[in-house]
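Everything on this sheet refers to the single structure shown next.
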Amino acid sequence: MATQQRISIHGQWSNRLAFILAATGSAVGLGNIWKFPYITGMNGGGAFVLVYLLCILCIGLPLLMAETMLGRRGRQSPINTMAALTAEEGGSPIWAWVGWLGVLAGFLILSYYSVIAGWALAYVFRAASGMFTGLNAEGINTIFATFVSDPERLLAWHSIFMVMTMIVVARGVQAGLEKAVRYMMPSLFIILILLVMYASTTGYFEAGFDFMFTPDFSKLTWEGVLVAMGHAFFTLSLGMGAIMMYGSYLPNGVSIAKTSLVIVSADTTVALLAGMAIFPIVFAHGLEPASGAGLIFKTLPIAFGQMDAGVLIGTLFFVLLVFAAWSSSISLIEPAVAWLVENHGISRVSASVYLGVSSWFLGIASILSFNYWEHIKLHGRTIFDWLDHLTANIMLPLGGLLIALFAGWVVSVKSSYEEMDNGRRGYALWLFLLRIVTPVAVILIFLNVSGLLDWI
Ligand code: PFF
């Protein structure tokens with residue numbers, strides 16, 4: 001059978017573990033360690049976490065399997081994979097645009113993701129230099145305010161992070177991505193476990209644990225349910241082709257259901273570990289769990305500045321954040337690089353440089369949103385806010401909805417059954433979740449987002 005022999009021109013993962021590490025590296029990022037704790041804090045804890053976990057299981061898992069399945073069948077960049085599968089399955093050529101939407105989303109996300117990752121990079125050195133030692137909330141706030149008000153400084157760290165991303169992507173699947181994630185992912189787990197162990201000595205571990213795992217539904221709004229659903233989506237890198245791209249490097253014969261389960265468990269474990277490391281520290285130092293997006297940069301350093309071994313723990317924490325962001329950023333740009341290599345015959349190095357530099361350039365707009373252009377707002381949002389909103393709240397759900405519809409309804413049952421190879425029952429459950437549950441849930445997210453768009 002033709003599809004069984006197909007191999008991506010960009011190479012292949014050497015084994016199942018390499019794919020698991022890479023996809024987990026893509027999924028685990030700023031979303032888990034920076035975003036998950038703060039949205040959990042803002043949405044009251046336990047009940048929000050419970051809904052998030054349900055969404056991961058009912059929406060995230062089937063979609064992750066679908067993207068991997070499509071990628072392995074198409075064996076090309078998401079744009080060309082969608083086009084090839086559409087031709088094969090007899091669908092409308094319009095489906096190929098899903099690939100384009102994803103490439104655009106990845107490019108846009110990378111521009112601001114690199115800026116925030118640059119903050120994390122800068123904070124590695126701030127933590128290591130002992131800058132936070134003995135400071136109170138005000139002092140820490142001043143450090144953060146001074147930092148983000150200096151565009152040249154932000155630009156320097158953004159540039160360094162973008163170069164780090166370009167280097168790994170330029171080296172390619174085997175030499176670059178695979179080698180990078182092989183070391184990044186295990187270190188990530190070790191550092192997180194060390195941090196949780198530290199958190200357990202604060203005397204507030206139980207408080208943190210209760211906050212995260214004792215559901216209080218009176219604290220959860222319908223809006224919070226939708227935020228949980230949206231985050232399940234973002235945290236697994238779904239809806240833009242990153243997982244489809246990594247799936248295209250997956251050797252045949254590897255079980256998609258089993259590997260997806262491992263990836264989802266690893267991603268969820270990291271988010272929960274991050275919460276379990278952060279909340280005890282937050283409570284031990286009387287900090288506010290609902291302090292918003294600045295939770296890590298504005299609040300955590302207070303704890304690092306007050307605790308014994310704070311320099312070491314703080315440095316480790318930000319190193320972990322940079323590693324997590326790094327292995328995610330490479331997956332944001334990989335689909336576009338693969339497409340440029342496939343369609344324009346240029347080298348990986350040139351493709352990475354073109355895309356990295358243009359995304360870096362766009363990132364300057366996000367940098368200026370925190371200082372010179374802080375007051376330039378459209379409907380209450382800065383350029384940075386708009387980029388984040390447009391990609392995370394609109395483009396990813398739209399892409400995911402289309403991918404679910406394509407994999408569930410356009411790809412024939414024969415093709416997907418053969419590719420999934422997970423038994424009759426497992427397959428039937430997957431198909432039901434993908435055809436019905438996922439689209440309905442994504443449409444709900446989308447309706448919510450459009451309801452929030454007061455500019456219509
Ligand atoms: N999943 C990443 C995170 O949680 O930080 C973000 C992300 C990476 C989203 C890659 C989308 C993507 F394609």
Side-chain angles (χ1 to χ4, degrees), residues 21-40 52 55-56 59-60 63-64 67-68 70-71 77-79 98-120 161 165 168-169 177 180-181 184-185 188 192 227-228 230-248 263-264 266-275 293 296 320-339 355 359 387-400 403:
L21 285 172
T24 310
S26 167
V28 176
L30 294 173
N32 302 60
I33 296 156
W34 165 70
K35 197 173 176 188
F36 173 73
Y38 95 71
I39 57 176
T40 298
Y52 160 78
C55 292
I56 289 280
I59 303 161
L63 202 55
L64 184 77
E67 278 205 35
T68 312
L70 294 176
S77 66
I79 293 176
V98 177
W100 277 104
L101 183 72
V103 161
L104 185 64
F107 176 81
L108 296 178
I109 293 174
L110 181 63
S111 76
Y112 68 83
Y113 204 83
S114 167
V115 172
I116 305 295
W119 295 4
F161 186 81
T165 302
V168 176
V169 176
L177 305 191
V181 294
M184 278 181 204
M185 290 309 299
L188 192 79
L192 259 182
V227 173
H231 186 64
F233 210 80
F234 181 84
T235 193
L236 289 173
S237 306
L238 297 173
M240 60 141 281
I243 297 296
M244 204 187 290
M245 188 74 240
Y246 280 8
S248 76
I263 294 159
V264 167
D267 183 77
T268 310
T269 307
V270 169
L272 297 179
L273 282 178
I296 283 173
L320 149 77
L321 193 57
V322 170
F323 273 20
W326 197 7
S327 56
S328 296
S329 66
I330 55 185
S331 73
L332 283 165
I333 205 180
E334 176 69 12
V337 167
W339 179 77
L355 280 157
S359 188
L387 280 169
D388 182 38
H389 176 68
L390 212 77
T391 50
N393 298 343
I394 299 175
M395 295 172 85
L396 294 189
L398 181 63
I403 291 169

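Computation of the quantities below employed the complete heavy-atom set of this structure, encompassing side-chain atoms and omitting hydrogens, waters and symmetry-equivalent molecules. Numbering starts at 1 and runs along the sequence shown. In this text, all values refer to a predicted model and were calculated from it rather than measured experimentally. Counting starts at 1 for both ligands and their atoms, following the listed order.
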*Numbering as shown, the atoms of ligand 1 that approach N32 to under 4.0 Å (heavy-atom distance)*: 4 (O)
*Is a side-chain N or O of T235 found less than 3.5 angstrom from the main chain of H231, in a donor-acceptor match?*
no
*asked:* Among all protein heavy atoms in this structure, tell me which lies nearest to atom 13 (F) of ligand 1, with the distance rounded to 0.1 Å.
replied: M240 SD, 2.7 Å
*How close does the nearest protein non-hydrogen atom get to atom 9 (C) of ligand 1, and which residue and atom is it?*
F234 O, 3.6 Å
*Which heavy-atom pair separates D267 from V28 by the least distance, and what is that distance?*
OD1-N, 3.5 Å
_Closest to atom 1 (N) of ligand 1 among G31, A27, G29 (heavy-atom distance)_ = A27
_Quick check: do V270 and F36 have side-chain heavy atoms less than 4.5 Å from each other?_
no
*Of all the heavy-atom pairs spanning M245 and P78, show the shortest one and how long it is.*
SD-CD, 3.5 Å
Kindly list each side-chain donor-acceptor pair under 3.5 angstrom involving residues 99-112, sequence neighbours excluded, with atom names and distances?
unit_1: S111; atom_1: OG; unit_2: L108; atom_2: O; d: 2.7
unit_1: Y112; atom_1: OH; unit_2: D388; atom_2: OD1; d: 3.0
unit_1: Y112; atom_1: OH; unit_2: T391; atom_2: OG1; d: 3.0

*Are any of the N or O atoms of T235 closer than 3.5 Å to those of ligand 1?*
yes
_Residue part near ligand 1, for Y113, under 4.0 Å between non-hydrogen atoms_ = side chain
*asked:* Within the 4.0 Å heavy-atom shell around S26, which atoms of ligand 1 are there?
replied: 1 (N), 2 (C), 8 (C), 10 (C)
*When you measure from the side chain of S26 to the backbone N and O of A22, does any donor-acceptor pair fall under 3.5 Å?*
no
*Answer yes or no: is there a side-chain heavy-atom contact under 4.5 Å between M240 and P335?*
yes
*Please could you name the atoms of ligand 1 that A242 approaches to less than 4.0 Å, counting only its heavy atoms?*
13 (F)
*Can you find an N/O atom of V28 closer than 3.5 Å to an N/O atom of ligand 1?*
no
*Nearest-contact summary for atom 8 (C) of ligand 1 - protein heavy atom, Å*: S237 OG, 3.3 Å
_Atoms in ligand 1 with a heavy atom of S331 nearer than 4.0 Å_ = 10 (C)
*Subset of ligand 1 atoms that lie under 4.0 Å from at least one heavy atom of L30*: 5 (O)
_Is there a polar contact, in the sense of an N or O pair closer than 3.5 Å, between S328 and ligand 1?_
no
_Min side-chain heavy-atom separation I243-L236 under 4.5 Å_ = no
*Polar-atom distance check: L236 versus ligand 1, any N or O pair below 3.5 Å?*
no
_Do L396 and L238 have side chains that approach each other closer than 4.5 Å (heavy atoms only, starting at C-beta)?_
no
